[in-house]
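Presented below is the structure to which this report refers.
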Amino acid sequence: MPKNIKKIGVLTSGGDSPGMNAAIRSVVRACAYHNIECAGIYRGFEGLIDGDFKLMDARSVKGIINKGGTILKTARSKEFRTKEGRQKAFNNLVKAEIEGLVVVGGDGSFTGAMVLNKEFDFPVVGIPGTIDNDIFGTTHTLGFDTALNTVVDAIDKIRDTASSHNRLFFIEVMGRDVGHIALNAGIAGGAEEILIPEEDLGLDRLVDSLNKSRKSGKTSSIVIVAEGDKIGKNIFELKDYVDENMEGYDVRVSVLGHMQRGGAPSCFDRVLASRMGVKAVESLLEGKSNYMVGLLGGKMELTHLDKAIKGKTKINLELLRVSDIMST
Ligand code: F6P
């Protein structure tokens with residue numbers, strides 16, 4: 001049912017991801033297009049508790065579609081986990097006459113949005129912003145594509161030095177619980193092995209496989225390791241194990257870390273952010289709440305926040321097979 005909303009708030013929360021600024025821009029401009037006000041909320045739920053709001057008009061978001069990070073800043077709020085914190089946040093929303101909220105973030109941020117909705121019946125819509133691509137109900141989260149391009153660029157550079165020195169490199173990429181970055185960037189970067197939390201290769205099989213590719217004539221190798229992979233305790237222990245159990249390779253480790261979260265968003269992420277912002281605002285105006293907007297089958301679709309958080313994103317088995325065949 002259409003709602004007579006006159007003012008929407010937007011915040012970014014949790015780990016930042018490239019495309020968040022493009023999403024803020026889209027929410028602000030969609031509000032302007034529909035002749036309603038938009039308030040930017042600083043530092044995620046922290047800013048909601050502190051009443052750190054600023055009215056944003058269409059011109060206030062100029063020149064940010066190409067910028068990484070988030071102009072609204074982001075935070076992980078402990079106080080919002082308390083009932084008192086959430087009551088303060090709700091009071092501030094009412095005082096500022098904000099009648100709907102767009103939350104850009106990952107599963108932790110969506111959990112916060114859902115609690116706000118449940119306790120105060122406050123309308124919320126989520127935009128999935130995380131490089132990990134670990135949210136159910138969208139084939140792509142905001143920032144995933146940019147992070148992949150960043151990682152592939154890094155792998156290409158490391159391969160130059162790996163092949164010059166005939167070395168084996170272990171490269172750790174982000175993905176706390178999932179291997180989407182590792183699997184996709186690994187294939188695109190021509191990795192010999194890709195280690196992801198969803199599949200337990202085992203140390204012996206890893207060494208066997210590396211030995212096999214060495215015997216087949218390879219003089220250097222790249223192994224991509226998702227940070228959530230459980231094969232070794234950590235990537236340095238993995239390196240030590242391979243060092244001890246394999247001859248002929250000088251082994252090095254490279255942890256890519258937070259550089260994967262920065263940088264200008266790709267064309268794909270800018271378009272995705274623009275579509276998601278419009279869909280989020282229009283969903284609130286249609287009276288929809290407690291949903292996440294996502295990209296499914298090329299279209300903008302809504303998924304219940306509960307499902308988006310609890311649903312498991314499955315690794316693409318066909319990609320796993322392709323990666324096996326490519327490392328032959
Ligand atoms: O944004 C998700 C993520 O990149 C994870 O892959 C990683 O484990 C985590 O963020 C690290 O975030 P932080 O250093 O902000 O705690």
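Computed over heavy atoms, backbone and side chain alike; hydrogens, waters and symmetry mates excluded. This chain uses plain numbering: 1 for the first residue, then up along the sequence. Order of appearance sets the numbers: ligands from 1, and atoms from 1 within every ligand.
Among all protein heavy atoms, the one lying closest to atom 4 (O) of ligand 1 is Met174 SD, 3.0 Å. Looking at atom 13 (P) of ligand 1, its nearest protein heavy atom turns out to be Arg76 NH1, 3.6 Å. Scanning the protein for heavy atoms near atom 10 (O) of ligand 1, the closest one is Arg261 NH1, 2.9 Å.
Residue Gly175 has at least one heavy-atom neighbour below 4.0 Å for each of these atoms of ligand 1: 6 (O).
Relative to the ring axis of Phe170, Arg252 does not place its NZ or CZ within 45° and under 6.0 Å from the centre.
Among Asp132, Thr74, Val173, the residue whose heavy atom lies closest to atom 5 (C) of ligand 1 is Asp132. Of the options Arg176, His258, Gln260, Glu227, the smallest heavy-atom separation from atom 7 (C) of ligand 1 is shown by Glu227.
In this structure, Phe80 and Leu48 have side chains that are in contact, with non-hydrogen atoms separated by less than 4.5 Å.
Shown here is Asp160, whose CG atom has more than 12 heavy atoms of other residues, nucleotides or ligands within 6.0 Å.
Between Lys314 and Glu198 no salt bridge is recorded (no basic side-chain N to carboxylate O distance below 4.0 Å). The pair Lys6-Glu97 fails the salt-bridge criterion, with no side-chain N (NZ, NE, NH1 or NH2) lying under 4.0 Å from an Asp/Glu carboxylate O.
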